[in-house]
Amino acid sequence: MRRSAASKKKSDSITSSTTDLFRSASSKATTKEMDRIDHLFNQYANTSSNLIDPEGIEELCSNLEVPHTDIRILMLAWKMKAEKQGYFTQEEWRRGLKALRADTLNKLKKALPELEKEVRRQSNFADFYAYAFRYCLTEEKQKSIDIETICQLLEIVMGSTFRAQVDYFVEYLKIQNDYKVINMDQWMGFYRFCNEISFPEMTEYNPELAWPLVLDNFVEWIREKQA
């Protein structure tokens, strides 16, 4: 038998009401979650600037029980898409913690291992590696980073994945005199080198294939050491 128009209308009304209730409950839950995220932000933010500044980040790291130089703090900045080194805006904080579903300090602490797994996926790591360079550009229109900072950054970002390559490259950068700074092209060139060239054999390395000159010099330096 066909349902009457009145019966169908009543059924649609119930369905609509149920949907509205779910939407309302979801909206309230989201609002409460954001309130808790904001409350956590306010615990670390500088009240005059409404930013989490370097002092606030150090306090956050202390409460998370991780050093402020830990790669996971850089990963957290990447997740927030933080633009200025050493500072988190409220919008960046909301973006990152909402994505991590972390509205308390304890949840944020528990989210860090999963965040590290996410970043280390091949599909994400190149983006993170490029972000790490951009994050260290602290001056307006700055396009390169001094050698000392680059060496520290390589240790943090690549040290656990490509230990031998990083050790050799850092040693080379510290003793050479041709480069005072490294630019993004050179930075990304080293990432490509680590992923494409077997080490320490480097049999695939061909200087004719448009590698940055600093890497040509680096490879030549290693081959002289190996001879």
Side-chain angles (χ1 to χ4, degrees), residues 33-34 36-46 49-138 142 145-167 169-170 173 182 184 187-188 190-195:
E33 179 191 40
M34 199 57 73
R36 288 190 293 269
I37 288 172
D38 286 346
H39 177 70
L40 193 57
F41 175 84
N42 291 330
Q43 288 182 28
Y44 299 102
N46 182 312
S49 65
N50 197 37
L51 296 169
I52 296 180
D53 58 17
E55 189 177 329
I57 290 176
E58 284 217 22
E59 186 183 350
L60 172 66
C61 291
S62 175
N63 291 342
L64 289 171
E65 298 177 333
V66 296
H68 70 275
T69 54
D70 193 294
I71 190 172
R72 288 169 295 179
I73 300 304
L74 186 57
M75 290 173 173
L76 183 59
W78 171 81
K79 192 68 175 177
M80 293 181 190
K81 298 180 182 174
E83 292 185 2
K84 187 176 180 182
Q85 187 184 48
Y87 294 86
F88 298 149
T89 67
Q90 189 165 16
E91 182 184 350
E92 290 165 351
W93 180 265
R94 284 175 167 179
R95 181 191 297 131
L97 268 66
K98 191 170 187 294
L100 292 170
R101 296 180 179 176
D103 56 8
T104 66
L105 184 69
N106 194 42
K107 286 181 183 177
L108 180 56
K109 193 173 182 179
K110 288 180 178 177
L112 291 181
E114 285 304 314
L115 173 60
E116 185 167 5
K117 286 180 187 176
E118 177 189 347
V119 172
R120 291 196 182 280
R121 286 189 205 116
Q122 196 165 7
S123 55
N124 290 327
F125 195 79
D127 183 68
F128 170 71
Y129 181 80
Y131 171 82
F133 185 92
R134 292 193 305 272
Y135 191 59
C136 288
L137 298 175
T138 55
Q142 182 183 350
I145 299 172
D146 67 274
I147 293 296
E148 185 181 351
T149 302
I150 283 291
C151 291
Q152 293 170 352
L153 197 58
L154 283 169
E155 291 280 357
I156 293 170
V157 177
M158 297 279 271
S160 64
T161 313
F162 297 102
R163 182 74 268 166
Q165 291 93 319
V166 168
D167 284 346
F169 195 46
V170 165
L173 289 175
I182 293 293
M184 176 65 96
W187 175 257
M188 294 308 297
F190 182 67
Y191 177 79
R192 182 183 151 212
F193 175 87
C194 290
N195 282 279

Under the criterion side-chain contact (heavy atoms from CB on, under 4.5 Å), I'd like the reasoning laid out for Leu64 against Leu105: C-alpha separation, chi angles, the key distance, then a yes or no. CA-CA 7 Å; Leu64 289 171; Leu105 184 69; 3.7 Å; yes

Identify every side-chain donor-acceptor pair in residues 119-126 under 3.5 Å, counting partners at least two apart or on other chains, and give the distances.
from: Arg120; atom 1: NE; to: Glu116; atom 2: OE2; distance (Å): 3.2
from: Arg120; atom 1: NH1; to: Thr161; atom 2: OG1; distance (Å): 3.3
from: Arg120; atom 1: NH2; to: Glu116; atom 2: OE2; distance (Å): 3.4
from: Arg120; atom 1: NH2; to: Ser160; atom 2: OG; distance (Å): 3.2
from: Asn124; atom 1: ND2; to: Glu118; atom 2: O; distance (Å): 2.8

Parallel, tilted or perpendicular: which describes the rings of Tyr129 and Trp187, with under 30° parallel and over 60° perpendicular? parallel

Quick check for you: to the nearest 0.5 Å, what is the distance between Met75 atom CE and Ile156 atom CD1? 11.0 Å

Identify the heavy atoms of Cys61 and His68 that sit nearest to each other, and give their distance. SG-CA, 3.5 Å

Among Val166, Leu173, Asp167, find the residue that satisfies the side chain to side chain contact (heavy atoms under 4.5 Å, CB included) test when tested with Val170. Val166

Shortest non-hydrogen separation from Leu74 to Tyr131 and the atoms involved: O-CE2, 4.1 Å

With side chains defined as the heavy atoms from C-beta onward, is the minimum distance between Phe190 and Ile182 less than 4.5 Å? no

Do the side chains of Ile73 and Leu60 get nearer than 4.5 Å, heavy atoms only? no

Which pairs of donor and acceptor atoms, one on a side chain in residues 81-89, lie under 3.5 Å apart (sequence neighbours left out)?
from: Thr89; atom 1: OG1; to: Glu92; atom 2: N; distance (Å): 3.1
from: Thr89; atom 1: OG1; to: Glu92; atom 2: OE1; distance (Å): 3.4

Roughly how far, to the nearest 0.5 Å, is CG of Leu153 from CZ of Phe133? 8.5 Å

For residues Glu58 and Glu55, determine if any side-chain heavy atom of one lies less than 4.5 Å from a side-chain heavy atom of the other. no

Do other residues, nucleotides or ligands put more than 12 heavy atoms under 6.0 Å from the CD atom of Gln142? yes

Start with the C-alpha distance between Leu40 and Tyr44, add both sets of side-chain angles, then the distance that settles side-chain contact (heavy atoms from CB on, under 4.5 Å), and finish with yes or no. CA-CA 7 Å; Leu40 193 57; Tyr44 299 102; 4.0 Å; yes

Which value, rounded to the nearest 0.5 Å, describes the distance between Met184 atom CE and Arg134 atom CZ? 5.0 Å

Taking C-beta and beyond as the side chain, do Gln90 and Arg95 meet within less than 4.5 Å on heavy atoms? no

Return the CD1 to CH2 distance between Ile52 and Trp93, rounded to the nearest 0.5 Å. 4.0 Å

Measuring only between side-chain heavy atoms, which start at C-beta, is Asp103 closer than 4.5 Å to Ile37? yes

Supply the atom-to-atom distance Gln43 CD to Asn63 CG, rounded to the nearest 0.5 angstrom. 8.0 Å

Distance in Å, Arg163 CZ paired with Met158 CE, rounded so as to fall on 0.5 Å steps: 11.0 Å

In the structure I gave you, are the side-chain heavy atoms of Lys107 and Lys110 within less than 4.5 Å of one another anywhere? no

Student check: side-chain heavy atoms of Ile145 and Leu137 closer than 4.5 Å: yes

If we only count heavy atoms from C-beta on, is the Val157 to Tyr191 side-chain gap below 4.5 Å? no

